[in-house]
Protein chains: 2
Amino acid sequence: MVTGDQETRERVLNTAARLFAERGVERVTVRDICQQAHANVAAVNYHFGGKDGLYTAVMELAIGVMRSTTEAARDAGAGQSAEGRLRAYIATFVDRVTGSGRDTWIHHLLMRELADPTPALTLVVEQVLKPRMEYLCGTIAEIAGRLPDDAVVVRCALSVQSQFHALLWNQALPRIATGGDTTPASVAAIAEHITAFSLAGVRGFAQSR
Amino acid sequence: MVTGDQETRERVLNTAARLFAERGVERVTVRDICQQAHANVAAVNYHFGGKDGLYTAVMELAIGVMRSTTEAARDAGAGQSAEGRLRAYIATFVDRVTGSGRDTWIHHLLMRELADPTPALTLVVEQVLKPRMEYLCGTIAEIAGRLPDDAVVVRCALSVQSQFHALLWNQALPRIATGGDTTPASVAAIAEHITAFSLAGVRGFAQSR
DNA sequence: TGACGAGTCAAACGCTTGTTTAATACAGTC
DNA sequence: GACTGTATTAAACAAGCGTTTGACTCGTCA
């Protein structure tokens with residue numbers, strides 16, 4: 001085969017990640033993947049032990065990137081006030097979800113996993129969602145003057161995080177709301193909106209100590 | 001056949017609705033549906049013209065219920081202030097999504113349709129999502145002292161609506177957050193949280209006229 | 001009574017799916 | 001140069017899928 005510079009395994013893995021995110025695991029055949037990856041049908045079974053193994057490998061790849069997103073969101077606000085950290089956290093996520101970076105497919109995979117859980121959800125929860133919630137709760141707790149495990153704080157964190165997911169309704173959004181474009185300016189406007197909305201929401205639960 | 005009181009067509013339709021919502025269309029076979037509905041495999045093709053036709057029929061059924069939910073959410077706040085209307089709207093939705101009523105499956109179908117659009121999305125957008133956004137924007141506009149088509153108002157409406165969807169992360173939620181129970185008390189607490197959070201968020205964008 | 005349409009049924013039909021096989025090529029090692 | 005383990009290939013495999021078929025059972029109506 002006239003392979004490129006890339007190893008077959010890597011080509012299959014990357015192609016599968018893209019297709020799984022686009023169409024969902026069930027709507028992608030191993031023949032689709034291998035054809036687009038310029039690989040033989042047997043490659044999936046040889047390198048990943050089967051379609052399920054391939055999906056697991058894709059999810060592990062995705063989890064790695066998601067963890068780095070969490071870190072980036074945390075680093076962006078390092079040394080700032082709680083308000084500043086929340087603002088930086090939101091801006092990082094909006095930026096990555098709307099695809100200014102190049103890893104949009106990952107968020108679609110995550111959305112599918114939440115809507116339609118597979119065994120891989122356990123990994124996602126432990127390595128991605130829990131750390132995010134923990135950081136978010138810490139920041140929000142500081143803003144609200146409450147404890148991080150306060151039920152009010154947890155609910156606020158969910159309210160913040162859930163707003164990101166509306167950004168992924170790619171097909172529906174442009175038809176029900178103005179905008180939906182992802183120019184740097186509008187992305188920044190969305191981030192600013194979620195920040196302001198969430199800050200006001202959280203402060204409404206503020207408790208004087 | 002020892003059918004019950006229900007006609008075969010109805011049994012197949014209801015069984016399919018439940019299974020499609022639970023597992024997703026791709027992970028449900030016609031044989032699954034017919035077995036659970038105590039019907040012959042050919043029933044799907046005879047009554048609905050095929051699996052696709054069955055899915056369309058299920059979505060039409062779901063859209064009917066969703067429209068009635070929209071009306072119920074609107075009626076619940078009739079004659080009240082804008083704040084009261086928003087509170088009633090949110091309470092109605094939280095109630096239906098968490099399944100105190102019996103139509104939870106519909107929201108799972110909607111979530112799947114947003115994550116993984118099919119041709120049926122067009123119907124959902126026109127007959128369900130647009131009317132909801134319109135009503136929500138009207139209410140929020142009044143609270144914020146802005147016009148209903150103001151971009152700020154539209155974004156606020158999306159922020160409100162998106163919070164409902166976190167309630168549907170059935171598998172993931174109990175593992176990342178405390179609660180997740182659906183006792184009447186906690187459902188009311190969730191509704192109250194989203195209301196307070198959203199009201200504060202919207203008021204932050206209030207414009208003195 | 002006999003013809004007719006609607007509904008149901010077991011069985012079979014193609015087709016696609018994920019997976020396996022056996023052959024082949026190739027690089028490194030003794 | 002024979003041996004070994006890795007990687008790739010075309011072809012075939014068995015199972016499952018949605019769908020179709022033709023016979024059969026009714027209730028209805030002329």
Side-chain angles (χ1 to χ4, degrees), chain A residues 1-62 109 112-113 116-120, chain B residues 1-62 109 112-113 116-120:
Chain A
M1 183 75 228
V2 283
T3 72
D5 33 349
Q6 219 179 178
E7 297 292 337
T8 301
R9 204 194 113 100
E10 297 301 307
R11 271 181 292 129
V12 170
L13 186 61
N14 292 328
T15 307
R18 180 172 53 81
L19 290 180
F20 284 165
E22 277 176 10
R23 296 191 232 156
V25 195
E26 324 289 335
R27 285 211 261 256
V28 178
T29 69
V30 300
R31 282 172 176 81
D32 280 342
I33 299 168
C34 292
Q35 187 183 333
Q36 294 202 23
H38 303 294
N40 188 273
V41 225
V44 166
N45 287 275
Y46 180 78
H47 287 288
F48 302 96
K51 194 187 183 184
D52 286 352
L54 175 57
Y55 179 72
T56 304
V58 167
M59 281 308 294
E60 281 166 0
L61 183 68
L109 267 184
R112 287 183 192 286
E113 192 64 42
D116 212 348
T118 74
Chain B
M1 183 74 229
V2 283
T3 72
D5 33 348
Q6 221 178 176
E7 295 293 336
T8 300
R9 204 193 114 100
E10 296 301 306
R11 271 181 292 128
V12 170
L13 187 61
N14 292 328
T15 307
R18 180 171 52 82
L19 290 180
F20 284 166
E22 277 176 11
R23 297 191 231 156
V25 194
E26 323 291 334
R27 285 211 262 256
V28 178
T29 69
V30 175
R31 283 172 175 82
D32 280 342
I33 299 167
C34 292
Q35 187 182 333
Q36 294 202 23
H38 303 292
N40 188 272
V41 225
V44 166
N45 287 276
Y46 181 78
H47 288 288
F48 301 96
K51 194 187 183 182
D52 286 352
L54 175 56
Y55 180 72
T56 303
V58 167
M59 281 307 296
E60 282 167 0
L61 182 67
L109 268 184
R112 286 183 193 285
E113 192 63 41
D116 212 348
T118 74

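Side chains included, hydrogens not; waters and symmetry mates left out as well; all remaining heavy atoms used. Chain letters run A, B, ... following the sequence lines, proteins first, then strands; residues in each count from 1.
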Colleague: Any heavy-atom pair between the side chains of A/V25 and A/K51 that's under 4.5 Å?
Modeller: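 Result yes, sub-4.5 Å side-chain heavy-atom pair found.
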Colleague: Where along nucleotides 13-20 of chain C does protein come under 4.0 Å, by heavy atom, of base (B) or sugar-phosphate alone (S), with - for untouched nucleotides?
Modeller: ----BBBB
Colleague: Can you find a heavy atom in the side chain of A/N14 that is under 4.5 Å from one in the side chain of A/L61?
Modeller: yes
Colleague: For C/dT8 and B/T8 - does any side-chain N or O of the residue sit under 4.0 Å from the phosphate oxygens OP1/OP2?
Modeller: yes
Colleague: Tell me the interatomic distance from A/E7, atom CD, to D/dT8, atom P, rounded to whole angstroms.
Modeller: 7 Å
Colleague: What is the distance, rounded to the nearest whole Å, between atom CZ of A/R9 and atom C1' of D/dT8?
Modeller: 16 Å
Colleague: Taking the side chain from A/R31 and the backbone from A/V41, do they hold a donor-acceptor pair closer than 3.5 Å?
Modeller: no
Colleague: At what distance, to the nearest 0.5 angstrom, does CZ of B/R11 lie from CD1 of B/I33?
Modeller: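 Reported value, rounded in 0.5 Å steps: 13.5 Å.
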Colleague: For the pair made of OH in B/Y46 and P in D/dG22, what is the distance, rounded to whole Å?
Modeller: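 In whole Å, D/dG22 P lies 17 Å from B/Y46 OH.
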Colleague: If only side-chain N and O atoms of B/H47 are considered, is one of them under 4.0 Å from the OP1 or OP2 phosphate oxygen of C/dT8?
Modeller: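 Yes, such a contact exists.
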Colleague: Might you work through the side chain to side chain contact (heavy atoms under 4.5 Å, CB included) test for B/R9 and B/F48, ending with a clear yes or no?
Modeller: CA-CA 9 Å; B/R9 204 193 114 100; B/F48 301 96; 3.5 Å; yes
Colleague: Without decimals, in angstroms, what is the distance between A/Q35 CD and D/dA10 C1'?
Modeller: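 Taking atom C1' of D/dA10 as the reference, CD of A/Q35 is at 15 Å.
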Colleague: Write down the distance between CZ (B/F48) and P (C/dT8), rounded to a whole number of angstrom.
Modeller: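 So the two atoms are 11 Å apart, to the nearest Å.
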Colleague: First locate atom CE of B/M59, then atom CZ of B/F20, and finally report the distance between them rounded to the nearest 0.5 Å.
Modeller: 11.0 Å
Colleague: To the nearest Å, how far apart are B/E10 CD and C/dT8 C1'?
Modeller: 17 Å
